[in-house]
Student: 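Below are the C-alpha cells for one structure; questions will follow.
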There are 2 protein chains.
Amino acid sequence: MKFDDKVPIYYQIKNHLYHEMMTGQLAPGEKLPAVRQLAVDLTVNVNTVQRALGEMITEGIITSQRGKGNFVTTETPRITQLKEHLIMDQLERAYEQLHALNLSDEEIIASLKQYIAQRGQQDD
Amino acid sequence: MKFDDKVPIYYQIKNHLYHEMMTGQLAPGEKLPAVRQLAVDLTVNVNTVQRALGEMITEGIITSQRGKGNFVTTETPRITQLKEHLIMDQLERAYEQLHALNLSDEEIIASLKQYIAQRGQQDD
DNA sequence: TACAGTGTACTAGTAAAATATAACACTAGG
DNA sequence: CCTAGTGTTATATTTTACTAGTACACTGTA
C-alpha cells in the first residue's frame, strides 16, 4: 500500500479500514484479517497495525476477541455515525482550506463541479 | 498558532504563509517578518521556520536576501500558479476521500452545498 | 494434551521532526 | 568602525513514529 509520508501510517491504516467498512467490503460483524496478515498486506509492522486497531477498539468501531480475531461492530448505528463524522471532517477541512485561499462559497462549489467534470473526462 | 499534530509543523507553516500570500496579507515583493519574529509569532523554533522558508525559496515563491530579509516573489504568475495548484490539491484530496466513502459525484456536490448552507446559519 | 491460529505486550533500535543554543555572514545606518 | 537587524549554519538533545524480534495469552480442533 502507498502511504502519504506527511501523516502517520497508523492513522492512514485507520482510514483505510474505515473506508472498507463504509463501502461494505467489511460488513458489520465480519472478521478482519489477522493482524499479522494485515501487516503483510499493508507492508507494515505488526505493531503499527496494532496501534491503528487499538484506537479503533477504543472508539468502539471494532471489537477484539483474544484467540479469535478482530470484528467489525454489529452496532450499525455506530458505523453510520462514523461515516457522517468522516464526511463532515472532510467537508470542513476542504471548505476551510479553500476559504483560506480566498474563495467565496460560490467559487468553492463551482470549482468542485469543474474539477469533477474535468475528472470525468479522463478516467474512473 | 494551533497545529495539527498529524502533519509536520514546518509543512503547516508553509501552508500558513501560502494562505497569507493568496489573501493578499503578504503582497508580491513584500518583506516577510524576520525569521526570529516568525518563530515567536508561531511559537516555534527558528530552525523549523527556516526549514519551511527553505522549501519555499527552492520553489521560487519567496526570495532570500542575506542581511535584509525574505521577500515574496514579484513574479505574480508564480503566485497565481501556486494558488491554482493548492486549490486542485484540496479538491483532489477531498474528492478522493469522499469518493472512498462511497459517495457519488452528485452526493459529493450535494453534501458540500448542504454543509455550506448549514455553516452559513451559524457563523462566519 | 498438543498444536495452529489468533490477539497482546515488551524491549531495543532507527529515523525524522522539533527544540535549544550558539555561532557565523551580510546589510544599513550612525 | 561599530552595532542592530537580518539570514544561515551547526551541534546536541528530546520526542514520536516505525520497525524488528520475541514472548505470552487465549481459542478451537484434532
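By convention in this document, chain letters (A, B, ...) are assigned in the order of the sequence lines, proteins followed by strands, and residues within each chain are numbered from 1. Model, not experiment: these values are computed from the prediction.
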Student: If I take atom CD1 in residue B:Ile9 and atom P in nucleotide D:dT14, what distance separates them, rounded to the nearest angstrom?
Tutor: 18 Å
Student: In whole Å, what is the span from the CG atom of B:Leu38 to the P atom of D:dT8?
Tutor: 13 Å
Student: Check whether any side-chain N or O of B:Arg36 sits under 4.0 Å from OP1 or OP2 of D:dG5, and answer yes or no.
Tutor: no
Student: For B:Ile62 and D:dT6, what is the distance between atoms CD1 and P respectively, to the nearest whole Å?
Tutor: 15 Å
Student: Using whole Å, what does the distance between atom P of nucleotide D:dT6 and atom CG of B:Asn70 come to?
Tutor: 11 Å
Student: Is B:Thr48 close enough to C:dA17 that one of its side-chain N or O atoms is under 4.0 Å from OP1 or OP2 there?
Tutor: no
Student: What pair of heavy atoms forms the shortest contact from B:Pro8 to A:Lys6, and how long is it?
Tutor: CD-O, 3.3 Å
Student: When you measure from the side chain of A:Ser64, which nucleotide among C:dC26, C:dA18, C:dG7 comes out closest?
Tutor: C:dG7
Student: Check this for me: does any side-chain nitrogen of one of B:Glu92 and A:Arg119 sit under 4.0 Å from a carboxylate oxygen of the other?
Tutor: no
Student: Can you identify which nucleotide, out of C:dT8, D:dT6, D:dA10, has its nearest atom closest to the B:Lys31 side chain?
Tutor: D:dT6
Student: Rounded to the nearest Å, what distance is computed from the CG atom of residue B:Asn47 to the P atom of nucleotide D:dT9?
Tutor: 11 Å
Student: For B:Leu32 and D:dT6, give me the distance from atom CG to atom C1', rounded to whole Å.
Tutor: 13 Å
Student: Rounded off to whole Å, could you give me the CD-to-C1' distance for the A:Gln50 and D:dA20 pair?
Tutor: 16 Å
Student: Heavy atom of residues 1-8 of chain B under 4.0 Å from DNA chain D: which residues?
Tutor: none
Student: Any idea which heavy atoms bring A:Ala52 and A:Ile13 closest together, and the distance?
Tutor: CB-CG2, 3.8 Å
Student: Starting at the 5' end of DNA chain C and moving along, which residue's nearest nucleotide shows up first, A:Val35 or B:Gln65?
Tutor: A:Val35
Student: So if I take every side-chain heavy atom of B:Ala34 and compare against C:dA17, C:dT19, D:dG7, which nucleotide ends up nearest?
Tutor: D:dG7
Student: Would you please confirm or rule out a distance under 4.0 Å between OP1 or OP2 of D:dA17 and any side-chain N or O of A:Arg51?
Tutor: yes
Student: If each of A:Tyr11 and B:Arg66 is mapped to the nucleotide of DNA chain D with the nearest heavy atom, which maps nearer the 5' terminus, i.e. the 5' end?
Tutor: B:Arg66
Student: Give me the atom names and distance for the closest heavy-atom approach of B:Gln12 to B:Asp4.
Tutor: NE2-O, 2.6 Å
Student: For B:Lys14 and B:Glu59, what are the C-alpha separation, side-chain angles and deciding distance, and is it a side-chain contact (heavy atoms from CB on, under 4.5 Å)?
Tutor: CA-CA 11 Å; B:Lys14 272 180 69 176; B:Glu59 294 167 3; 2.7 Å; yes
Student: Whole angstroms only, please: what is the CG-P distance between B:Leu53 and C:dA18?
Tutor: 14 Å
Student: Counting only side-chain nitrogens and oxygens, does B:Lys68 get under 4.0 Å of the OP1 or OP2 atom of C:dC26?
Tutor: no
Student: Does the B:Ser111 side chain pair with the main chain of B:Ile108, one donor and one acceptor, at a distance under 3.5 Å?
Tutor: yes
Student: Taking all atoms of both residues into account, what is the closest heavy-atom pair of A:Leu112 and B:Leu91, and its distance?
Tutor: CA-CD2, 3.9 Å
